[in-house]
Amino acid sequence: MENVLEEEKLRSNLFGEDPQEGPLAVVQAPWNVHTEQTSRLEPSRTRASWVDEDDESLKVDLTAMKKTRKLRKNERESVVSGVQLTRRLREQYTKINQTAEWAKLDEDQQQQAKARAKETQRLRKRGMGAQAETASKRSREEEPEAAAAISPFASAEPLTAPRVDADASATLGGADGAVRPLPAGVVNIRYVADANQEARATAQLSGLQFHPNGQLLMTASLDSTLKLFQIDGRENPKVSSVSIEKTPIRSAHITPDGRSVLVSGRRKYFFQYDVETSNVQRIAWTAFGRAEKSLERMVVPLPASPQCPGQPSDMFAFLGNDGYVMLMSLRTMQQVGSVKANRNVADAFFTPDGHSLLTYTVDGEINVWDLGTRRCSHVAQDAGGLGGASICMSPDGRFITTGSASGIVNFYQAESVLRDARPTPLREFKNLQTRTGIMAFNSDASMLGMASVNVQSGLRLVHTESRTVFSNWPTRQTPLAHVSCLAFSPGSGYMAVGNSKGRALLYRLAHYSEA
């Protein structure tokens with residue numbers, strides 16, 4: 001008898017039977033058992049499928065792997081629970097990808113969603129599962145269709161709406177909403193914080209660039225570290241950091257699609273850092289009859305600009321010796337060709353339309369290379385020719401500037417450089433007295449930054465329409481130190497200045513409302 005009772009109790013535990021109904025209850029009424037099991041499983045549907053109860057007891061050492069060390073709140077923290085690890089991974093993913101605009105709900109939509117969830121839960125508790133599913137389906141059908149997904153890796157447009165503050169009121173025009181042009185003479189600029197204040201470099205910054213989405217800033221340094229920061233103008237939290245093995249970084253650039261960062265130094269190989277996964281891949285360079293010992297000078301196209309039709313080039317380049325420029329594919333990361341100038345190339349720049357490459361030699365010769373045929377389509381001689389140092393083209397393709405070893409910067413109309421053998425500059429800037437190796441335009445080409453690393457505070461800002469230098473900044477008290485790199489945000493709301501002390505100084509340009 002005891003054995004029979006134990007069997008009935010076991011059957012009840014396994015199959016949900018009532019011991020009083022006897023062992024044949026399952027055979028006589030199988031549909032009743034199915035109904036009981038369905039009702040028992042009903043409450044579990046409210047639990048998300050990705051919730052794991054074991055996460056609460058799980059312990060993870062964040063210091064065990066490099067990829068998890070960046071999840072720590074401070075250096076002394078080591079072990080966290082599985083729940084904490086999940087939360088921090090979600091926060092890390094949100095910092096990099098941000099929330100898609102179509103997924104953001106306003107307050108009314110949030111309240112309606114909460115009300116629908118409560119009503120569905122109430123019906124399920126009362127055993128009205130079918131009605132709950134019908135109500136949930138009806139509410140989904142009444143919702144407006146979602147917009148197309150926005151990804152920071154699929155578009156170069158900023159993800160956030162333009163941020164307007166009190167200082168940026170001058171940006172807006174009259175009733176028609178037209179944007180006023182940047183005024184000349186005095187620039188409205190103020191220091192907000194160090195972009196890398198959470199993790200400054202221990203050596204000179206060698207690379208500085210904003211991500212195409214306008215929310216991340218990349219910094220690279222001679223201390224072999226590559227870091228990404230989320231720019232908010234206040235805290236600027238660090239998103240990720242990686243140390244490149246035994247390679248002081250000499251050049252670092254974000255690819256036009258924003259998915260990866262290319263890093264090089266005085267090595268025969270270079271690195272590709274994946275922004276989304278934080279993986280670093282070492283890529284060997286296969287020489288085509290060349291014996292280059294260093295790939296430290298790298299040129300990468302800028303992201304697409306609304307002011308210029310066409311797409312950026314699908315190539316990037318390494319500047320070699322004896323006038324050689326190695327052309328590389330952004331898709332395969334392998335060399336696809338090369339061009340050769342008559343003298344050593346000091347600098348190069350991809351045109352915004354993606355069709356040509358400009359090279360600037362040490363004796364002031366500008367070569368225009370057709371990327372389709374790999375042939376030189378035009379040669380122009382820089383005025384003065386006092387030793388070439390750098391070359392830059394505005395995002396809209398209107399202007400070309402050249403910097404010399406003597407500090408003189410020539411400002412050209414792009415058409416004259418691409419057409420004439422000896423173009424005449426619109427203006428010669430003699431504000432810098434030493435080698436001008438750093439130049440950058442802002443997004444609408446209304447401002448040019450030019451700098452020399454050889455002197456303290458060797459940075460000047462130029463108003464491009466009037467071809468005049470802003471007189472009020474920088475001052476003698478501006479702590480720029482030796483400027484080593486310069487970058488403008490996609491909306492020109494921020495300007496970042498890297499220096500020899502490892503700091504990335506962040507300045508707010510009040511005329512622009514969008515970062």
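Side-chain atoms are counted along with the backbone in the values below, which use heavy atoms only and exclude waters and symmetry mates.
Not counting sequence neighbours, Tyr360 has no partner by the ring pair (Phe, Tyr, Trp, His ring centres under 6.0 Å) test.
Between Ser78 atom OG and Asp61 atom CG the span is 5.5 Å, to the nearest 0.5 Å. Atom CG of Leu205 sits about 14.0 Å away from atom NE2 of His482, to the nearest 0.5 Å. Atom CG of Asp396 and atom CG of Asp444 lie 8.5 Å apart (nearest 0.5 Å). Taking CG of Asp274 as the reference point, atom CD of Gln272 lies at 7.0 Å (rounded to 0.5 Å). Between Met326 atom CE and Met315 atom CE the span is 14.5 Å, to the nearest 0.5 Å. Remark: Leu217 CG to Leu228 CG distance equals 8.5 Å, nearest 0.5 Å.
A donor-acceptor distance shorter than 3.5 angstrom exists from the side chain of Ser443 to the backbone of Pro490, with no hydrogens or angles considered. At least one donor-acceptor pair closer than 3.5 Å links the side chain of Lys227 to the backbone N or O of Ala199. In this structure, the side chain of Thr68 engages the main chain of Leu62 through a donor-acceptor pair within 3.5 Å. At distances below 3.5 Å, at least one donor-acceptor pair connects side-chain atoms of Asp223 with backbone N or O atoms of Thr202. Using a distance-only test at 3.5 Å, with no hydrogens or angles considered, no donor-acceptor pair links the side chain of Asp370 to the main chain of Arg374. Remark: the backbone N or O of Gly320 is paired with a side-chain donor or acceptor of Arg297 at under 3.5 angstrom.
Remark: Lys340 qualifies as a cation-pi partner of Tyr324 under the 6.0 Å distance and 45° angle criteria applied to the six-membered ring. In this structure, Arg508 is positioned above the aromatic face of Tyr494, its NZ or CZ under 6.0 Å from the six-membered ring centre and within 45° of the axis.
Side chains of Ser243 and Thr225: no donor on one and acceptor on the other come within 3.5 Å. Residues Ser484 and Asn499 bring no donor and acceptor atom of their side chains to less than 3.5 Å of each other. A donor-acceptor contact closer than 3.5 angstrom links the side chains of Ser240 and Tyr273. Donor-acceptor pairing under 3.5 Å is recorded for the side chains of Trp369 and Thr359.
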> Given His355 and Phe350, is the side chain to side chain contact (heavy atoms under 4.5 Å, CB included) satisfied, shown in steps?
Replying inline: CA-CA 8 Å; His355 296 157; Phe350 285 92; over 6 Å; no
>> Set out, in order, the CA-CA distance, both residues' side-chain angles and the distance that settles side chain to side chain contact (heavy atoms under 4.5 Å, CB included) for Lys73 and Arg88, then state yes or no.
In response: CA-CA 10 Å; Lys73 298 296 183 181; Arg88 295 186 186 184; 3.6 Å; yes
> What's the verdict on salt bridge (Lys or Arg N to Asp or Glu O under 4.0 Å) for Arg331 and Asp314, showing C-alpha distance, side-chain angles and the deciding distance?
Replying inline: CA-CA 7 Å; Arg331 292 192 294 268; Asp314 58 354; 3.3 Å; yes
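No option in Thr401, Leu358, Ile400 other than Thr401 meets the side chain to side chain contact (heavy atoms under 4.5 Å, CB included) test with Cys392.
If you look at Phe318 and Trp285, their ring centroids are not closer than 6.0 Å.
Using a 4.0 Å cut-off between charged side-chain N and carboxylate O, Glu198 and Arg234 make no salt bridge. Classification of Asp194 and Arg503 as a salt-bridged pair holds, one side-chain N sitting under 4.0 Å from a carboxylate O. A salt bridge does not link Glu296 to Lys268: none of the charged nitrogens lies less than 4.0 Å from a carboxylate oxygen.
Nearest heavy atom pair, residue Ala317 against residue Val325, reads CB-CG1, 3.8 Å. In this structure, Val362 and Ala346 approach most closely via the heavy-atom pair CG1-CB, 4.2 Å.
Shown here is Gln334, whose CD atom has more than 12 heavy atoms of other residues, nucleotides or ligands within 6.0 Å.
Ring pair Tyr507/Trp473 is perpendicular by interplanar angle, where above 60° counts as perpendicular and below 30° as parallel.
Residues Leu327 and Ser338 fail the side-chain proximity criterion, which asks for heavy atoms closer than 4.5 Å.
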